[in-house]
*Asks:* 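Take this structure, written in structure tokens, and hold onto it; I'll ask about it next.
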Amino acid sequence: MEEQILKQLAQPLLAWYDIHRRILPWREEVSPYRTWVSEIMLQQTRVAAVLPYFQRFMEAFPTVEALAQADTERLMKLWEGLGYYSRARNLQKAARILTEQYGGRFPETYRELTALPGIGDYTAGAILSIAFGQAVPAVDGNVLRLAARITGSRLDVLDAKNRKIFRSWMAAAMSQERPGAYNQALMDLGATVCLPSGAPLCGDCPAGDFCIARQEGCQARLPVRSPKREKRTEHLTVFLLRRGAAAALRQRPDTGLLAGLWEYPHVPGTLTEAEAARQLQMWGVNPTKWRKKLSARHIFTHVRWEMTGYVVEVDGLGPGDWLWAEAQQRERLAIPSAFEKFTAELKEGE
DNA sequence: AATACGGGGAG
DNA sequence: CTCCCAGTATT
């Protein structure tokens, strides 16, 4: 039933795509490598955010081999601010597997692609269809929204088993002649016409004639998404410690949130200046001048940080895992956006 | 099946 | 503020 509705989409969608498709760097010159990198960057990330990163990435690491051999610190610095940093690490892991086990070539099967780190259901479909012309669906948030609206489905699109159902519908309905164009057309339609928030532009949609949601006037209420869990709040006290021209940094653990990135020393809780002084003493550093108290907030997907920051001039080296870095060295380290305000403050104090 | 994992733009 | 984006890995 749903497949039959969706099968009406391919022809008008491809005609629409040939006129309205977006010009994007990874489309101007198509290769498995470029398709792969772009799709990884685009996971949970808007096109506009990816554009500058993609250009820089391709200049820095033009081939699978270059990525496999790249200095990881440089790779993370390039990824700084894009988020979901395991994507970058997995990209390099996969590049090394491709180099060592596949002679630097990409495998052309769903099974082999999804076995590579960072490549799941969606990305495998995108690479197979776009780079290799195989009729494999690539079902992302755009496609789920389109499919739910066109079929009028009330299935919860956040539910994994429902996603499988949507995927099977799309597999049955997709173009066998132009699978890559078809999958990219769905994304473009979702991004520019069948909008996620606000009113979709149904008058411009190639599915306008048979879209169930449009007929029922329920576009704004589809797709159905189950409510998400509330995020917890964590309070932190961050230390911006200056020793001459250097500031203290430390590297985060190699697993978990912001794995392996650099940060300013911090402790849980909101400390008063007196408590902060005691903490510095425990670290073995001696404050010589308290410069400023700051506050900042950062919101992640599942947690909120409420931060208090102290800018302090100090004597002493602190714990052995601290790095005292001057501006030039700090610029080469990947420091998460959560600390942006503090980074700017340090720069100000130069 | 549920949760961890970033960051930013739009409303 | 909330929502959600060219999702995947882990438990």
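Remember, predicted model here, so these are calculated numbers, not experimental data. Computed from heavy atoms alone, side chains included, the values below leave out hydrogens, waters and symmetry copies.
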*Asks:* Just the rounded figure in Å: distance from C1' of B/dA4 to CD of A/Glu234.
*Replies:*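 Computing the A/Glu234:CD to B/dA4:C1' distance gives 12 Å.
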*Asks:* Could you check which of C/dG7, C/dC4, B/dG6 has an atom nearest any side-chain atom of A/Pro196?
*Replies:*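 Comparing C/dG7, C/dC4, B/dG6 against the side chain of A/Pro196, the answer is C/dC4.
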*Asks:* For atom P, what is the distance between C/dA6 and B/dG11, given to the nearest Å?
*Replies:*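 My reading of the P atoms in C/dA6 and B/dG11 gives 14 Å.
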*Asks:* Between residues 40-67 of chain A and DNA chain B, which residues have a heavy-atom gap below 4.0 Å?
*Replies:*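 Only A/Gln44, A/Thr45, A/Arg46 qualify.
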*Asks:* Check this for me: A/Arg154, atom CZ, are more than 12 non-hydrogen atoms of other residues, nucleotides or ligands nearer than 6.0 Å?
*Replies:*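 For A/Arg154, atom CZ is crowded (more than 12 foreign heavy atoms under 6.0 Å).
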*Asks:* Please answer: with hydrophobic residues joined when any side-chain heavy atoms are less than 4.5 Å apart, are A/Trp322 and A/Leu249 in the same cluster?
*Replies:*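 Result: no, two separate clusters.
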*Asks:* Measure from the side chain of A/Arg145, starting at C-beta and using heavy atoms only, and say which of B/dG6, C/dA6, C/dC5 lies closest.
*Replies:*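 Nearest to the side-chain atoms of A/Arg145, counting from C-beta on, is C/dC5.
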*Asks:* Just how far, in rounded Å, is P of C/dA6 from CG of A/Leu195?
*Replies:*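 These atoms are roughly 10 Å apart.
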*Asks:* Under 4.0 Å from OP1 or OP2 of B/dC5: is there any side-chain N or O of A/His302 that close?
*Replies:*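 The answer is yes; a side-chain N or O of A/His302 sits under 4.0 Å from OP1 or OP2.
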*Asks:* Could you please name the option among C/dA6, B/dG8, B/dG6 that lies closest to any side-chain atom of A/Ser337?
*Replies:*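 Nearest nucleotide to the side chain: B/dG8.
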*Asks:* Can you name the residues that form a salt bridge (charged side-chain N to carboxylate O under 4.0 Å, His left out) with A/Asp204, not counting sequence neighbours?
*Replies:*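 Counting only residues at least two positions away or on another chain, A/Asp204 forms no salt bridge (charged side-chain N to carboxylate O under 4.0 Å, His left out).
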*Asks:* Output yes when A/Glu306 and A/Arg297 qualify as a salt bridge under the 4.0 Å nitrogen-oxygen rule, no when they do not.
*Replies:*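 Judged by the 4.0 Å cut-off on N to carboxylate O distance, A/Glu306 and A/Arg297 do form a salt bridge.
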*Asks:* Are A/Lys347 and A/Glu345 close enough for a salt bridge, meaning some N to O gap below 4.0 Å?
*Replies:*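 Not counted as a salt bridge, because no side-chain N and carboxylate O are separated by less than 4.0 Å.
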*Asks:* For C/dC3 and B/dG6, measure between their C1' atoms and round to the nearest Å.
*Replies:*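 Here C/dC3 and B/dG6 have their C1' atoms 15 Å from each other.
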*Asks:* A/Lys77 side chain to A/Glu331 main-chain N or O, any donor-acceptor pair under 3.5 Å?
*Replies:*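 Indeed, once roles are kept as given, a pair shorter than 3.5 Å links the two residues.
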*Asks:* Name the residue closer to the 5' end of DNA chain C, choosing between A/Thr123 and A/Lys231 according to the nucleotide with the nearest heavy atom.
*Replies:*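 The answer here is A/Lys231.
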*Asks:* Under 4.0 Å, heavy atom to any atom of DNA chain B: which of residues 147-185 of chain A qualify?
*Replies:*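 Per residue number, the list is empty: none.
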*Asks:* Separation of A/Trp305 atom CH2 from B/dA4 atom P, in whole Å?
*Replies:*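 Taking atom P of B/dA4 as the reference, CH2 of A/Trp305 is at 15 Å.
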*Asks:* In whole angstrom, what separates A/Glu39's CD from C/dC5's C1'?
*Replies:*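 About 13 Å, once rounded to whole Å.
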*Asks:* If I take atom CZ in residue A/Arg87 and atom P in nucleotide C/dA6, what distance separates them, rounded to the nearest angstrom?
*Replies:*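 Spelled out: CZ on A/Arg87 to P on C/dA6 is 12 Å.
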*Asks:* Looking only at side-chain N and O atoms, does A/Glu340 offer a donor or acceptor that is under 3.5 Å from a partner on A/Thr343?
*Replies:*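 Side chains of A/Thr343 and A/Glu340: no pair found under 3.5 Å.
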*Asks:* Is the shortest distance from a Lys or Arg side-chain nitrogen in A/Asp188 or A/Arg22 to a carboxylate oxygen in the other one below 4.0 Å?
*Replies:*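 Judged by the 4.0 Å cut-off on N to carboxylate O distance, A/Asp188 and A/Arg22 do form a salt bridge.
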*Asks:* Measure from CD on A/Glu80 to C1' on B/dG7 and round the result to the nearest Å.
*Replies:*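 Distance, rounded to whole Å: 12 Å.
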*Asks:* Got a list of protein N/O to nucleotides 9-11 of chain C N/O distances below 3.5 Å?
*Replies:*
| from | atom 1 | to | atom 2 | distance (Å) |
| --- | --- | --- | --- | --- |
| C/dA9 | OP1 | A/Gly118 | N | 2.4 |

*Asks:* Over all strands shown, is A/Gly256 touching base, sugar-phosphate only, or nothing at heavy-atom distances under 4.0 angstrom?
*Replies:*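 Since only primed, P, OP1 and OP2 atoms lie under 4.0 Å of A/Gly256, the category is sugar-phosphate.
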*Asks:* Is it true that A/Glu273 and A/Lys293 make a salt bridge, defined as a side-chain N closer than 4.0 Å to a carboxylate O?
*Replies:*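 Looking at A/Glu273 and A/Lys293, the cut-off is not met.
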*Asks:* May I ask you to say whether A/Asp121 pairs ionically with A/Arg167, meaning some side-chain N is under 4.0 Å from a carboxylate O?
*Replies:*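 So A/Asp121 pairs with A/Arg167 through a salt bridge.
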*Asks:* Take atom OH of A/Tyr122 and atom P of C/dT8, then tell me their distance rounded to the nearest Å.
*Replies:*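 In whole Å, C/dT8 P and A/Tyr122 OH are 8 Å from each other.
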*Asks:* Between A/Lys289 and A/Asp315, is there a side-chain N and carboxylate O pair less than 4.0 Å apart?
*Replies:*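 No salt bridge links A/Lys289 with A/Asp315.
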*Asks:* Give the nucleotide from the list C/dC1, C/dA6, B/dC5 with an atom nearest to the side chain of A/Arg297.
*Replies:*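 Of C/dC1, C/dA6, B/dC5, C/dC1 is nearest to the side chain of A/Arg297.
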*Asks:* Testing the 3.5 Å rule here: is there a donor-acceptor pair between the side chains of A/Gln184 and A/Arg27?
*Replies:*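 Indeed, the side chains of A/Gln184 and A/Arg27 share at least one donor-acceptor pair under 3.5 Å.
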*Asks:* Is there a side-chain contact between A/Gln219 and A/Arg214 in this structure, where contact means two heavy atoms from C-beta onward sitting under 4.5 Å apart?
*Replies:*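 Yes, side chains in contact.
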*Asks:* Is it true that atom CZ of A/Arg221 has more than 12 heavy atoms of other residues, nucleotides or ligands lying nearer than 6.0 Å?
*Replies:*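 No - once you tally the heavy atoms of other residues, nucleotides and ligands closer than 6.0 Å, there are 12 at most.
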*Asks:* Taking only side-chain N and O atoms of A/His298, does any of them lie within less than 4.0 angstrom of OP1 or OP2 on B/dG7?
*Replies:*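 It does, given that an N or O in the side chain of A/His298 lies less than 4.0 Å from OP1 or OP2 of B/dG7.
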*Asks:* When you measure from the side chain of A/Phe300, which nucleotide among C/dT8, B/dG7, C/dC5 comes out closest?
*Replies:*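 Between C/dT8, B/dG7, C/dC5, the one nearest the side chain of A/Phe300 would be B/dG7.
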*Asks:* Linking Ile, Leu, Val, Met, Phe, Trp and Tyr by side-chain heavy atoms under 4.5 Å, what else ends up with A/Ile130?
*Replies:*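 Its cluster partners, ordered by chain and number, are A/Val30.
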*Asks:* Quickly work out the A/Asn142 CG to C/dC4 P distance and round it to whole Å.
*Replies:*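 Nearest whole value for this atom pair: 13 Å.
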*Asks:* Looking at A/Tyr84, does any N or O in its side chain come under 4.0 Å of the phosphate oxygens OP1/OP2 on C/dC5?
*Replies:*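 For C/dC5, OP1/OP2 do not have a side-chain N/O of A/Tyr84 under 4.0 Å.
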*Asks:* Does the side chain of A/Thr301 get closer than 4.0 angstrom to OP1 or OP2 of B/dG7 through an N or O atom?
*Replies:*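 Looking at the OP1 and OP2 atoms of B/dG7, neither is under 4.0 Å from any side-chain N or O of A/Thr301.
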*Asks:* Kindly state which residues belonging to residues 7-38 of chain A come within less than 4.0 angstrom of DNA chain C, counting heavy atoms of the residue only, listed by number.
*Replies:*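 Contacting residues: A/Arg22, A/Leu24, A/Trp26, A/Arg27.
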